[in-house]
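Worksheet for the structure shown next.
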Amino acid sequence: MRKPVIAGNWKLFKTIGESVALVQELTPLVAKNKDIEIIVAPVFTALSRVCDAIEGSNIKLAAQDCYWEEEGAFTGEVAPKLLKDAGCSHVIIGHSERRQYFGETDLTVNKKAKAAIAAGLNVIVCVGESLAERESEQTFSVIETQIQGSLSGLAAEAFTHVVIAYEPVWAIGTGKTASDAQAQEVHGFIRRLIARLYSQSVADAVRILYGGSVKPDNVKGLMAQPDIDGALVGGASLKAESFAAIANF
Ligand code: 13P
């Protein structure tokens, strides 16, 4: 059985004070929810304080990116071990916004994923096609290339630390969710691909999250799909009430 994951990607929103207030409001709303792995991903500057605020709760902490080197002359970067130091158990890697605006490629995603896992973090590796790619029927080839490149060279054992997030770019922040069937089609494809590239047992165990305009009113239908194991939530994770409603679906 795969334990579902509901993760909130706060993107570039919220001060330290606002982040702490949000988790303080969220904690009692999800306290009884032991069946779901609940994760929040604040901005770097808020990580350590949010870590203190969620101590003893069932909420886990993720960063939104990391670098692949441990230390050195890499101005502006943050190493995986420093994320551990700040209290993170997870890190999101290869979000489409990083691929789109910050030059992230499958190669850099791969280096980051390996470094993060080696440092003891769990990785949430994101993939997803653009609208143009979907409309030109390239969805499956794009996803295959991204999965192969991003996860290349990972040992089967490392997969216990990997969560995959399928986020169609056209559904992010647009209010346009993939239909349950559209999402399931790609999730099923990803699971079969992992079986082919690694093994059936790796494929059976890996959690695949859907992301893109997930809201309290569409989460149930998505979660009812056999290959959807959770959600990576943007906008609706910025309010305790809506994120809790999603986590408690
Ligand atoms: P929205 O839920 O705001 O569409 O964002 C999805 C996302 O990018 C999560 O990583």
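When a ligand or atom number is given, it counts from 1 through the structure's own listing order.
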| query | Ion pair present between Arg191 and Asp204, side-chain N to carboxylate O less than 4.0 angstrom? | reply | no
| message | I'd like to know if Lys81 pairs up with Glu69 as an ion pair, taking the criterion as any Lys NZ or Arg NE/NH1/NH2 lying under 4.0 Å from an Asp or Glu carboxylate oxygen. | response | no
Which protein non-hydrogen atom lies closest to [atom], naming both residue and atom, and how far is it?
atom	result
atom 9 (C) of ligand 1	Glu167 OE2, 2.9 Å
atom 2 (O) of ligand 1	Gly234 N, 2.9 Å
atom 3 (O) of ligand 1	Gly235 N, 2.8 Å

| query | Counting heavy atoms not belonging to Lys34, are there more than 12 under 6.0 Å from its NZ? | reply | yes
| query | Any side-chain heavy-atom pair from Phe249 and Ile36 closer than 4.5 angstrom? | reply | yes
| task | Between Ala171 and ligand 1, find which residue part has any heavy-atom pair under 4.0 Å and reply side chain, backbone, both or neither. | result | backbone
| request: For ligand 1, indicate whether the residue Ile172 contacts it via side chain, backbone, both or neither (heavy-atom separation under 4.0 Å). | output: both
Just by modelled atom types, is the [Y] backbone N or O under 3.5 Å from a matching donor or acceptor in the [X] side chain?
X	Y	value
Asn248	Leu29	yes
Asn58	Val30	yes
Thr174	Lys176	yes
Tyr198	Gln200	no

| query | Taking the six-membered ring of Phe102, is NZ or CZ of Arg98 closer than 6.0 Å to its centre and within 45° of its axis? | reply | yes
As an exercise, identify every atom of ligand 1 less than 4.0 angstrom from a heavy atom of [X].
X	value
Lys11	5 (O), 6 (C), 7 (C), 8 (O)
Gly212	4 (O), 6 (C)
Ser213	1 (P), 2 (O), 4 (O)

[X] to ligand 1: N or O pair under 3.5 Å?
X	value
Gly173	yes
Leu232	no
Asn9	yes
Val233	no
His95	yes

